[in-house]
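In what follows, a single structure is set out as structure tokens and then discussed.
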Amino acid sequence: MKLVVTLLSIVFPIWLAAQVEGTVSNKNGEKLASATVLLKNSYIGTSTNASGEFFMERLPKGRQTLIFKSLGYQTFYKEIEIGRETLQVDVVLDEEINALEEVVVTNRDNPALRIIKQAIRHREENGNKIDSYRADFYSKGLMRVQNLPKRMARAGADNFPGLDSSGSGIIYLSETVSKISFKKPNKLYEEVIASKVSGDDKGFSFNTAIGANIDFYSNMVGLWNGIISPIAYNALSYYNYTLINSTKEDGQQIFKIKVQPKRDKEPTVDGFIYIVENSWEIYAADFSLPGYRLQQPVLDTLHITQHYAWNDQDQRRTKSFQRLDFKLSFFGVKAAGNYMQNFSNYEFVKAFPKGTFGNTLTKINKGSNLLDSAYWSFARPIELTAEERQDYAFKDSMQTVRNSSAYLDSVDRSKNKFSPLDPLLGYAYQNSQKQFKLEYLGLNNFAKASFNAVQGFTFTAALNASFGSAETGSYTKLNNDFQYGFSEKKLRFNADYIHRFNTQNYATLALNFGNRATPFNDELGPLPLINNITSLFFKDSYLQFYQREQVKLRYTQNLGVPFQLMVSGAWANRSPLFNSSNYSFLRQERDYVSNNPLAPTDYATPAFLANRVLEAEVGLRWAMGQKAVDRPDATLLLRDMRYPLLTIQYKQGFNLTHSEMSYQLLQGAIAQNRQLGPFGMLSARLKAGKFLHAENIPFTDYKHFSGNQTHIGTTSSYDNTFLLLPYYSHSTNKGFVEFHAEQDFKGYLFNKIPGIQELQWGLIAGYHFLHTPARKPYHELSIGIDNLGWGKYRLLRVDYVHAMQGASSIPGVIVGLKFLNILN
């Protein structure tokens, strides 16, 4: 770095006129990481890296004062004379003195509680002092793998440059320099000036200012489901406080207060908060919490460090530095990382120009990922460690090698080798330079094998191809499935050809054609894996099919940020199917129900007569409040969960066989998830629709509903499905109103019960409603326990459900296997 500085100073002597670098350590010679270095009475500052090093540039000339702070140590002031030459400043900090002489401590009064009550009383006032500003923002993210199981270590070393043979090393390192405009509570516009990713000179960093607003002046701090702030309005119900010491800085008394949760399993922090006397502002925060308090089992621990800086001219105390350290572990994989974030050059704004805060949260400038090392040497406020410099150098050189034609060709030759078993087991061919891949799936497509009473055992082979990058730009994917049903002795072919034109508005054209055995309630019935088990072991087949030969064209495109348009048209020839198998492992004496959902015991009468149809459909989705990250190569959309998601669809069916079977369907839905502070998450979904001129339509065109007769749940949330409703009992060709609501208390109640709180359970309550003209209203009430399991593996939930319709009442229990939807 010094060599770069020297060379640039010859060419740009004025630009490099004012620089300071050095180290911060304690009396034992230990280098202090994350110590802040501030220019007094300014918004210029930096932090030391993991090696205790710091670097500051473009400082004003003349006599200046640097302030050195590190939690647990006394603040140190250093006067320096800044000129044209780089100034070396090495500082040694003394440990803070545990002094409480100026604080009266009695047996009847907890002085920490007095201070915290003042901080709570002034919380909103102090938070509003820094509620609207522009600032320079810098973020550096790093993640390292600390342990991989032996079987994964070799593959990891091959796929991630920098990992050693034991599977440890840095897998992600990136930096971002940006300018942000922010207005509380959560309005943000960020312009990324520079972005750097180790090992990808064309990549864009994901560690932007989105998510950096960790504000302990808020009642709930925005991480996952929310953390209760130690100075929230209700904090005294969640925390115990102990005054540790009192120090003075610039004539201001600073209190260090230990914060401890009253109950371990609630979303609370451990650590220290530093409060300034009289103003009752936050001086610094040093908190940690285990992942189970956030119901994030993969997360072992999260550590949050914040430093605030005082500006005497503005009379404001602003966040200057924030660091997030985390440790993860799952299935034998251990990883750790951190995000270091620096805020500087604050400019407080009374009113932003109209249009500052729109649909774009972050705009990444074109060319921001192409800036050279000379720029980064002076743009980054936090100096790199030797290990980080080495990681950049090694991975950048490895990238050059791995992107070379010779290397890509050698990798392709190795992977494209053909063996005699490949026609049976499967084979893949790739051309990395042309971004082309051809894949044949044989026995390695076993996940698509299934059993049902119509086809018997099925086996699906596939021939797939792809062109282009799945991440950015244009991309084409061709999937061709060949399915054979052994009992019905029939081979079916189905093809999906999909072309995405770009990753700006994601305009996508999809063509589907072929012959499928299609469930009447397509995608609303049980998972094939569940149906396999209920059929083969219990002789209960819940999937009922008809044959659909079709050609379908579908086009989707984002219209700006919040809207998505969908248009489709299809020709289909539909004919009934009948059971061809009565096989099962057990209960062989029983018969499966017929393949006619309207007559389960009638094995001769079809559910409908064969017919041909033309279908046209148009839909619009409005994700209210949705925001975007605008990158040069893609637009990434981010849902704002405070606002609902609305969809409206119109479908026209033209029956070519019997014109009286034509129909129209208009339907819409509104869905929203809402975080309710410490009370958890409320999810709700309302759907309604109306058929027109549909009195004679075949059963294939009825509106079906997502029911469940297996007593097995396969999703983490039941806000879009009924729990005990038979699959076809309420299918309708008229109108319908459907409503689902689920309140997930996220441990709010269980965490307050001694003994029970150790189990880390969560309570969930639900309500489900369905109205169709032909039946009385259907209701379901449910109460359940979530987060069941052991250790980090909590993928189960159990719900008791009570279904009611008119005078009838049916109870039931649903066992939720939340991992099934992922595995299927």
Side-chain angles (χ1 to χ4, degrees), residues 450-456 458 485 487-488 490 515-526 528 530-532 534-536 538-549 572-584 587-613 653 655 657-658 660-663 665 691 694-711 722 724-736 738 770-776 778 803 805-806 808 810 812:
S450 65
F451 174 87
N452 61 74
V454 172
Q455 298 172 284
T458 68
S487 290
E488 67 170 350
K490 186 175 181 65
N515 179 4
R516 291 180 57 213
T518 305
F520 286 96
N521 58 348
D522 199 9
E523 298 182 355
L524 297 176
I530 297 294
N531 194 70
N532 294 346
T534 60
S535 298
L536 293 171
F538 304 100
K539 211 65 176 284
D540 292 322
S541 181
Y542 295 111
L543 287 176
Q544 293 163 298
F545 302 87
Y546 69 96
Q547 181 167 290
R548 182 180 176 96
E549 302 168 71
N573 182 27
R574 306 176 299 189
S575 55
L577 295 172
F578 297 89
N579 289 354
S580 67
S581 174
N582 199 44
Y583 177 80
S584 69
R587 298 185 176 183
Q588 297 181 6
E589 72 284 355
R590 290 179 52 182
D591 291 327
Y592 288 109
V593 298
S594 76
N595 194 50
N596 183 346
L598 301 174
T601 60
D602 187 343
Y603 295 89
T605 304
F608 67 99
L609 298 177
N611 63 92
R612 294 186 302 277
V613 67
N655 199 290
T657 305
H658 305 283
E660 67 274 13
M661 293 183 179
S662 298
Y663 70 95
L665 171 62
F691 282 92
E695 293 80 7
N696 301 311
I697 64 174
F699 193 66
T700 51
D701 295 321
Y702 274 50
K703 171 66 179 179
H704 306 289
F705 302 97
S706 181
N708 189 353
Q709 293 175 253
T710 68
H711 293 272
F722 293 96
L724 296 181
L725 183 74
Y727 295 113
Y728 300 106
S729 64
H730 287 66
S731 298
T732 183
N733 63 343
K734 299 185 183 335
F736 64 92
E738 178 183 357
L770 177 61
H771 173 71
T772 57
R775 287 179 169 268
K776 293 182 179 180
Y778 175 85
Q805 186 167 25
S808 64
I810 302 175

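Heads up: numbering here begins at 1 and tracks the sequence.
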**Q.** Set of residues satisfying side chain to side chain donor-acceptor pair (under 3.5 Å) with respect to Asn696, sequence neighbours excluded
**A.** none
**Q.** Heavy-atom pair of closest approach, residues Arg612 and Thr657
**A.** N-OG1, 2.8 Å
Q.
Run the side chain to side chain contact (heavy atoms under 4.5 Å, CB included) test against Tyr583 and tell me which residues pass, sequence neighbours left out.
A. Phe451, Phe457, Leu536, Ser581, Phe585
Q.
The criterion is salt bridge (charged side-chain N to carboxylate O under 4.0 Å, His left out); which residues satisfy it with Arg574, sequence neighbours excluded?
A. Glu615, Asp701
Q: Under the ring-ring contact (aromatic ring centres under 6.0 Å, His included) rule, collect the residues that match up with Phe722, sequence neighbours excluded.
A: His740, Tyr778
Q | side chain to side chain contact (heavy atoms under 4.5 Å, CB included) against Lys776, all qualifying residues, sequence neighbours excluded | A | Gln805
(Q) If the condition is side chain to side chain contact (heavy atoms under 4.5 Å, CB included), which residues does Ser584 pass it with, not counting sequence neighbours? (A) Lys539, Gln588, Tyr592
Q: Applying side chain to side chain contact (heavy atoms under 4.5 Å, CB included), name anything that partners Leu609, two or more places apart in sequence or on another chain.
A: none
Q. Mind checking whether Asn515 and Lys490 have side chains closer than 4.5 Å, heavy atoms only?
A. yes
Q. How far does CG of Asn582 sit from CZ of Arg587, to the nearest 0.5 angstrom?
A. 13.5 Å
Q) Counting only N and O atoms by type, is there a donor-acceptor contact under 3.5 Å from the side chain of Thr732 to the main-chain atoms of Lys703? A) no
Q | Heavy-atom closest pair, residues Pro606 and Phe578 | A | CB-CZ, 4.0 Å
**Q.** Any Asp591 side-chain heavy atom under 4.5 Å of Tyr603 side chain
**A.** yes
Q: Return yes when atom CD of Glu523 has more than 12 non-hydrogen atoms of other residues, nucleotides or ligands closer than 6.0 Å, and no otherwise.
A: no
**Q.** Within-4.5 Å side-chain heavy-atom neighbours: His711 and Leu724
**A.** yes
Q.
Side chains of Ile697 and Tyr702, heavy atoms from C-beta outward: is any pair under 4.5 Å?
A. yes
**Q.** Atom pair CD/NZ of Glu695 and Lys734 - distance to nearest 0.5 Å
**A.** 6.5 Å
Q: Give the minimum heavy-atom separation between Ser580 and Gly456, together with the two atoms involved.
A: OG-N, 4.3 Å
Q.
Tell me if a side-chain donor or acceptor on Asn655 pairs with a main-chain N or O of Glu660 at a distance below 3.5 Å.
A. no
Q: Could you tell me which residues satisfy salt bridge (charged side-chain N to carboxylate O under 4.0 Å, His left out) with Arg590, sequence neighbours excluded, listed by chain and number?
A: Asp540
Q: With rounding to the nearest 0.5 Å, note down the distance linking CG in Asn573 to CG in Asn611.
A: 8.0 Å
**Q.** Heavy-atom closest contact (Ala517 atom, Leu577 atom, distance)
**A.** CB-CD1, 4.3 Å
(Q) Apply ring pair (Phe, Tyr, Trp, His ring centres under 6.0 Å) to residues Tyr728 and His704 and explain how you reach the verdict. (A) CA-CA 7 Å; Tyr728 300 106; His704 306 289; 5.4 Å; yes
**Q.** Spatial distance of atom CD (Gln709) from atom CD1 (Ile530) [nearest 0.5 Å]
**A.** 13.5 Å
Q) Which atom names give the shortest non-hydrogen contact between Pro526 and Tyr542, and what distance separates them? A) CG-CB, 3.8 Å
Q | Point-to-point distance, once rounded to the nearest 0.5 Å, from CZ of Phe608 to OG of Ser575 | A | 6.0 Å
Q.
So, using side chain to side chain donor-acceptor pair (under 3.5 Å) as the criterion, who are the partners of Ser541 when residues are at least two apart?
A. none
Q. Got a donor-acceptor contact below 3.5 angstrom from the Thr518 side chain to the Gln547 backbone?
A. no
Q) How would you list, by chain and number, every residue that makes a salt bridge (charged side-chain N to carboxylate O under 4.0 Å, His left out) with Asp602, sequence neighbours excluded? A) none
**Q.** Partner set under side chain to side chain donor-acceptor pair (under 3.5 Å) for Asp522, not counting sequence neighbours
**A.** none
Q | Separation between CG of Leu543 and CG of Asn521, rounded to the nearest 0.5 Å | A | 7.5 Å
Q: Return the minimal non-hydrogen interatomic distance between Asn579 and Ser594, and the atom names on each side.
A: ND2-CA, 3.8 Å
Q.
side-chain contact (heavy atoms from CB on, under 4.5 Å) for Tyr663 and Asn733? Distances and angles first, verdict last.
A. CA-CA 9 Å; Tyr663 70 95; Asn733 63 343; over 6 Å; no
Q: Could you please spell out the steps behind the side-chain contact (heavy atoms from CB on, under 4.5 Å) verdict for Val613 and Met661?
A: CA-CA 9 Å; Val613 67; Met661 293 183 179; over 6 Å; no
Q: Apply ring-ring contact (aromatic ring centres under 6.0 Å, His included) to Phe520 and list each qualifying residue two or more places apart in sequence or on a separate chain.
A: Tyr546, Phe699
